Amino acid sequence: MLRIIASKSGLRTRQLFSLFNNPAITRRSLSSRNFSSITASTSTSLSKTLALLSAASLISGFPQYGSREDYARAIEELKKTFAGDEDAVSTNADDLYSHGFSVNDYHLGTPHTVVMYPTCTEDVVKVVHIATKYRMPIIAYSGGTSLEGHFRGYHSGGICLDMSRMNKIIEIHEADSDLVCQPGVCWSDINDTLREKGQSLQPLGNPMLKAVYLIEIPLFFPLDPAPTATIGGMLSTGCSGTNAVRYGTGKAEWFLNATVVLPSGEVIKTRRRSRKSSAGFDTTKLFIGAEGTLGIVTEVTIRLTPVLPTAVAVVHFPDVRKATEAVREVTLSGVGIQCVELLDDLCMHALNQYSQSENSWPEKDTLLFKLQGHNKASLLESGRVVEKIVARHGGFGFKYAKDDQEAEDLWETRKNALYACLALVSGSRAWSTDVCVPVSKLPELVYETKKDLASTGLIAPMAGHVGDGNFHAALLIRNEEELKIAREVVSRMVHRAIALDGTSKEYLVEELGPGTVELMKTVKRAIDPLGLFNPGKASQFLNHLIKFREEEMIEPDLREVVG
């Protein structure tokens, strides 16, 4: 067993925010409001506000939070509790702003009241107890790469729990192919560490010789969302990534257990480290995808998998339908595919214009393949099969990356596609959609969605992990009129996906039914009866009820009630 520490992730996250979160952007002053003062005699717009608040209350039941004075006393107690750690508590305006806003998406932002930087589970417990005492919301913050508004502040204020200092790799069990870490470790740092660190082997030749040699640990963690995403956020959002076609998404097969601080302050461990267990409910799954609404994750055991040789290839198509039809046939062929990514013509244009890659690519609808095999021969055979299949669907320009560096650069370019796309429209923010359908339905969905987007006049590049039926469109929005158009086109996209037996977070009740959503609410109320953990975010489940922009109907301090 190898014990080491990784500490690069916190720096990477802060560097990312220094680039994409500008504190100079105008801040809105948000004040606290007593909801009980709203009466039936108010204007029509406030009647609509009440309807909106009622939708939000279906989840949280309007928990009663503390006053400004309560929050001030909470901050003083936090400062006294962490007096020996000058970096633990921050009320710096820029710090509050950068943790509650993002220029990478269209969601409304709200600053937090205070940002806490815990270093261990015990620190988190102390914060939770103080938050409970003063009825102060807690919003966990991991890598800050989410495009769904998960880490936005609550309208009346709250504690942002930034996990970036909890960035240790605690144990590596190479013989068991798993690793124990804190939630602030970046997945890419984990994989870098596994490459860099070695293990001692038996001496070569004469066993009396003391000479040993080192090899890299031939394991990696395959879930790969945004480059600076961290393990806690990946678990809490049930993340995906480019490797999903081969390794699946962020479910309990990869997150073997978690140490969690509950809203009561109790610390639990969801299960042991063994791969298989039928002892009781699988409570690890309860926290995967819960977005910090049920508990704060402070330690995770993740499963690792062997590193296999790969090769990267690029091919272009006359349209997205033919590209996705080719994907469907390739995935059914049984060849070794680790990743297959779609980048449409607009996305390729953005990458040519604004990425840091030295390569220039045809601005056509494009597929990137990462082939996987045990040796060069198997990679070449898989490549031959893929090349024949894509040619039958009109694919042209099939080309391998010339070396490992070009392959790595190409994949890194794909990882940063959002930022290149944002640069296409100056001053825009992105509404990044996220829908998934059975792979057989993907060609229809992608083709119809691209036609729909083109008819609106919006600039909306498309990319996606099409090997498992998932794709994204980044609708670039500059003003209210474009936001209204975007809302309408997203509604059509989601309804189209649900009709094809697909999924999207935007319309959860329609997708799963009221019974399933009510069960989720029941679990939330049972675990977090005070509604302190990431309040308001659960109301995103009810976005299908909201047909008008919150900002037009609600005074600024009430906007975040609806997520």
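Predicted, not measured: the structure shown is a model, and the values here were computed from it. Basis for what follows: all heavy atoms, side chains included, without hydrogens, waters or symmetry-related copies.
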Under-4.0 Å salt bridge between [X] and [Y]:
X: Glu518; Y: Lys521; value: yes
X: Arg392; Y: Glu329; value: yes
X: Asp192; Y: Arg195; value: yes
X: Arg384; Y: Glu381; value: yes

Distance-only polar pair, side chains of Glu511 and Thr503, donor-acceptor under 3.5 Å =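 There is such a pair between these side chains.
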query = Just by distance, with hydrogens left out, do Gln338 and Asn243 show a side-chain donor and acceptor under 3.5 Å apart?
reply =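 Asn243 and Gln338 do have a side-chain donor-acceptor pair below 3.5 Å.
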Residue pairs, two or more places apart or on separate chains, that pass ring-ring contact (aromatic ring centres under 6.0 Å, His included) and touch residues 386-411 =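 Non-adjacent pairs meeting ring-ring contact (aromatic ring centres under 6.0 Å, His included): His316-Phe396, Phe398-Tyr400.
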request  = Not counting sequence neighbours, list each pair that qualifies as a ring-ring contact (aromatic ring centres under 6.0 Å, His included) and has a residue in residues 350-371.
outcome  =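 Matches after skipping sequence neighbours: none remain.
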Donor-acceptor under 3.5 Å ([X] side chain, [Y] main chain):
X: His472; Y: Thr433; value: yes
X: Trp431; Y: Ala473; value: no
X: Asp176; Y: Asp178; value: no
X: Asp344; Y: Met462; value: yes
X: Ser491; Y: Arg487; value: no

inquiry  = If you count every heavy atom of other residues, nucleotides or ligands that lies below 6.0 Å from Glu408 atom CD, does the total exceed 12?
reply    =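 Atom CD in Glu408 is not packed in, count stays at 12 or less.
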key: CD (Glu448) with more than 12 external heavy atoms under 6.0 Å   =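 For Glu448, atom CD is crowded (more than 12 foreign heavy atoms under 6.0 Å).
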Taking the side chain as every heavy atom from C-beta outward, state whether [X] and [Y] have any atom pair closer than 4.5 Å.
X: Thr305; Y: Ser177; result: no
X: Lys364; Y: Pro318; result: no
X: Val466; Y: Leu367; result: yes

key: Partners meeting salt bridge (charged side-chain N to carboxylate O under 4.0 Å, His left out) with Asp452 (sequence neighbours left out)   =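 Arg492, Arg496.
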key: All salt bridge (charged side-chain N to carboxylate O under 4.0 Å, His left out) counterparts of Arg246, not counting sequence neighbours   =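 In terms of salt bridge (charged side-chain N to carboxylate O under 4.0 Å, His left out), with neighbours along the sequence ignored, Arg246 is linked to no residue.
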If you compare all heavy atoms of [X] against all heavy atoms of [Y], which two are closest, and at what distance to 0.1 Å?
X: Ala252; Y: Ile288; answer: N-CD1, 3.5 Å
X: Met163; Y: Pro183; answer: CE-CG, 3.8 Å
X: Gly373; Y: Pro309; answer: O-CD, 2.9 Å
X: Pro227; Y: Cys186; answer: O-SG, 3.1 Å
X: Leu256; Y: Arg273; answer: CD1-O, 4.1 Å

request  = Please collect all side chain to side chain donor-acceptor pair (under 3.5 Å) contacts where either partner lies in residues 249-259, sequence neighbours excluded, each pair once.
outcome  =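 Residue pairs passing side chain to side chain donor-acceptor pair (under 3.5 Å), neighbours aside: Asn257-Thr301.
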message = Give me each pair satisfying side chain to side chain donor-acceptor pair (under 3.5 Å) with a member in residues 274-285, each pair once, sequence neighbours excluded.
response =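 Of all non-adjacent pairs touching residues 274-285, those that pass side chain to side chain donor-acceptor pair (under 3.5 Å) are Thr270-Thr284.
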